[in-house]
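Notes follow the structure.
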Amino acid sequence: MRLRVLVFCMSMAMAAPGVSEEKKAPPKLTVAFRFTLAFGQKGGGVGHFHEPAAIALDTFGNLYVADTGNDRVQKFDTDGTYRSEVGTFGWDPGQFSQPAGVAVGKGGLEVCVADGRNNRIQIFSPHFRLLGVVGGRDVDGPIRLGTLGGIAVSEDGELYVSDTDSDQVVQISDYSPVENQFGGYGYGADRLRRPLGLAVGHKNEVYVCDSENDRVAIFDRYGNFSKSLAEGSLSEPAGVCTGPEDVLFVADTGHHRIVVLDLRTGEVASLIGGPDAGHRPGTFRAPTDVAFGAGKFLFVLDGGNHRIQKFEMLISRR
């Protein structure tokens, strides 16, 4: 028995030069999920929603919801307990006209709202004290915005907002009075058609839900196009967020599901819900946004069902 092992080892050692050992397979991405809870229903009361468009989590365990049809932003804890709200319909500071996006920046100390049809961004404290306004109707100045969709904030505090009138993403920096714009209507690789939800990765990659081109487009922080993801797999995606282990969650609105993408390979790693609309836990009707946080939880804004669903996620590479 010893002789056989010795001969085997020697034959391996004497393999012909130039024959390389087989490369190890890259770690396989494993994604599992478990439904935890759902909250919300259609209406205008406390904790109710009407065609909500976007959600965002802060580092303190607060969940902000752009309650679009009710022209307000509501705040909850991660178990669905209502905390507070801001907004009514109008054009004055602190009012909204179809808020379409919400994002948290500056270490959780700023809540940025894409005030859709008021063509502006309103910035609040976590207690909804108004801190500032960017853009607005008939504003004379360097930053002019159209009807807004999604919004995201980078770790450096740069704002990215999708302008659906011009089919562009607008980048607004604290260091420059003039915004940078990229995209524009079209079918080319660097063109966009009705961009909606946005997310910024840890390397400042900008992920754009290019809804009418049925894909996620990736740009660098300067607006240079990088690549597309999930072309042929998505239908009118509206929301996107990053997760651990280089995953990307996409609200695949037209297919009534959530798509989990492996950013290392660009492949679909898992699906939640779909392809048909549903109301049972784990099924959706035109989901509009996603948010990942609290270490392991995915929150899905189930827009067509006027509710939020929470899932415990298990994500690993082995």
Side-chain angles (χ1 to χ4, degrees), residues 37-58 60-105 108 110-131 133 147-153 161-162 164 196-199 209 211 238-241 251 253 258 279 284-293 297-310:
L37 62 86
F39 60 94
Q41 60 181 315
K42 186 176 182 179
V46 169
H48 296 176
F49 307 116
H50 184 206
E51 298 180 352
I55 52 176
L57 276 165
D58 67 14
F60 308 112
N62 298 305
L63 184 68
Y64 299 90
V65 185
D67 187 8
T68 309
N70 287 320
D71 298 301
R72 64 183 176 181
V73 173
Q74 295 192 72
K75 178 180 176 181
F76 301 84
D77 68 16
T78 53
D79 290 325
T81 302
Y82 171 86
R83 294 302 188 194
S84 59
E85 66 182 74
V86 63
T88 57
F89 173 75
W91 302 272
D92 293 332
Q95 295 182 313
F96 304 109
S97 178
Q98 296 191 14
V102 61
V104 178
E110 292 184 351
V111 181
C112 306
V113 182
D115 188 4
R117 299 208 172 202
N118 280 330
N119 313 134
R120 66 186 179 184
I121 300 165
Q122 297 197 67
I123 304 172
F124 299 88
S125 74
H127 301 292
F128 291 136
R129 180 173 65 87
L130 185 64
L131 302 177
V133 178
T147 302
L148 302 183
I151 189 170
V153 185
V161 64
S162 53
T164 60
L196 294 175
L198 304 171
C209 284
S211 69
V240 62
C241 74
T253 309
I258 304 304
H279 191 267
F284 315 101
R285 182 178 298 276
T288 50
D289 204 5
V290 282
F292 185 89
F297 293 105
L298 179 70
F299 296 84
V300 178
L301 188 56
D302 189 5
N305 285 322
H306 314 282
R307 66 182 180 182
I308 293 170
Q309 295 193 59
K310 178 181 178 181

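Note that this is a predicted model, so its numbers are computed, not measured. Each residue takes its place number in the sequence, starting with 1.
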Name the atoms and distances for all side-chain donor-acceptor pairs under 3.5 Å in residues 39-53, with sequence neighbours left out.
{"unit_1": "Q41", "atom_1": "NE2", "unit_2": "H48", "atom_2": "NE2", "d": "3.2"}

Validation: residues 111-121 side-chain donor-acceptor distances under 3.5 Å, sequence neighbours left out:
{"unit_1": "D115", "atom_1": "OD1", "unit_2": "S97", "atom_2": "N", "d": "2.9"}
{"unit_1": "D115", "atom_1": "OD1", "unit_2": "N118", "atom_2": "ND2", "d": "3.4"}
{"unit_1": "D115", "atom_1": "OD2", "unit_2": "N118", "atom_2": "ND2", "d": "2.9"}
{"unit_1": "D115", "atom_1": "OD2", "unit_2": "R120", "atom_2": "NE", "d": "2.7"}
{"unit_1": "D115", "atom_1": "OD2", "unit_2": "R120", "atom_2": "NH2", "d": "3.2"}
{"unit_1": "D115", "atom_1": "OD2", "unit_2": "Q122", "atom_2": "NE2", "d": "3.1"}
{"unit_1": "R117", "atom_1": "NE", "unit_2": "Q98", "atom_2": "OE1", "d": "3.4"}
{"unit_1": "N118", "atom_1": "ND2", "unit_2": "G90", "atom_2": "O", "d": "2.9"}
{"unit_1": "N119", "atom_1": "ND2", "unit_2": "G146", "atom_2": "O", "d": "2.9"}
{"unit_1": "R120", "atom_1": "NH1", "unit_2": "W91", "atom_2": "O", "d": "3.0"}
{"unit_1": "R120", "atom_1": "NH2", "unit_2": "W91", "atom_2": "O", "d": "3.3"}
{"unit_1": "R120", "atom_1": "NH2", "unit_2": "D92", "atom_2": "O", "d": "2.9"}
{"unit_1": "R120", "atom_1": "NH2", "unit_2": "Q95", "atom_2": "O", "d": "2.9"}

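Side-chain contact between V102 and V65: absent, with no pair of heavy atoms (C-beta onward) separated by less than 4.5 Å.
Residues G108 and P126 share a closest heavy-atom pair of O-CG, 3.3 Å. The minimum heavy-atom distance linking A100 with A54 is given by the pair O-CB, 3.6 Å. Closest of all the heavy-atom pairs between P99 and A66 is O-CB, 3.9 Å. Between A251 and P287, the closest heavy-atom pair is CB-O, 3.7 Å. Heavy-atom minimum distance, A238 versus C209: C-SG, 3.8 Å. The two residues A199 and C241 have their closest heavy-atom pair at CB-CA, 4.1 Å.
Atoms CG and CZ, on L37 and F299 in that order, are 7.5 Å from each other to the nearest 0.5 Å. Rounded to the nearest 0.5 Å, atoms OH (Y64) and CG (L57) are 10.0 Å apart. Atom CG of L131 sits about 7.5 Å away from atom CD1 of I123, to the nearest 0.5 Å. Between atom OG1 of residue T68 and atom CZ of residue F96 there is a gap of 10.5 Å, rounded to the nearest 0.5 Å. In this structure, the separation between CG on D58 and CG on L63 is 9.0 Å, given to the nearest 0.5 Å. Note that the CD1 atom of I55 and the CD atom of Q74 stand 13.0 Å from one another [nearest 0.5 Å].
In this structure a side-chain-to-backbone donor-acceptor pair under 3.5 Å is present from D77 to D79. A donor-acceptor pair is defined here as one N or O able to donate and one able to accept, closer than 3.5 Å; no such pair exists between the side chain of T164 and the backbone of L148.
Residues satisfying the salt bridge (Lys or Arg N to Asp or Glu O under 4.0 Å) criterion with K75, sequence neighbours excluded, are absent altogether. Residues forming a salt bridge (Lys or Arg N to Asp or Glu O under 4.0 Å) with R285 (at least two apart in sequence, or on another chain): none. In terms of the salt bridge (Lys or Arg N to Asp or Glu O under 4.0 Å) criterion, E110 has no residue partners (sequence neighbours excluded).
Applying the salt bridge (Lys or Arg N to Asp or Glu O under 4.0 Å) test to pairs two or more places apart or on separate chains, those with a residue in residues 297-308 are D302-R307.
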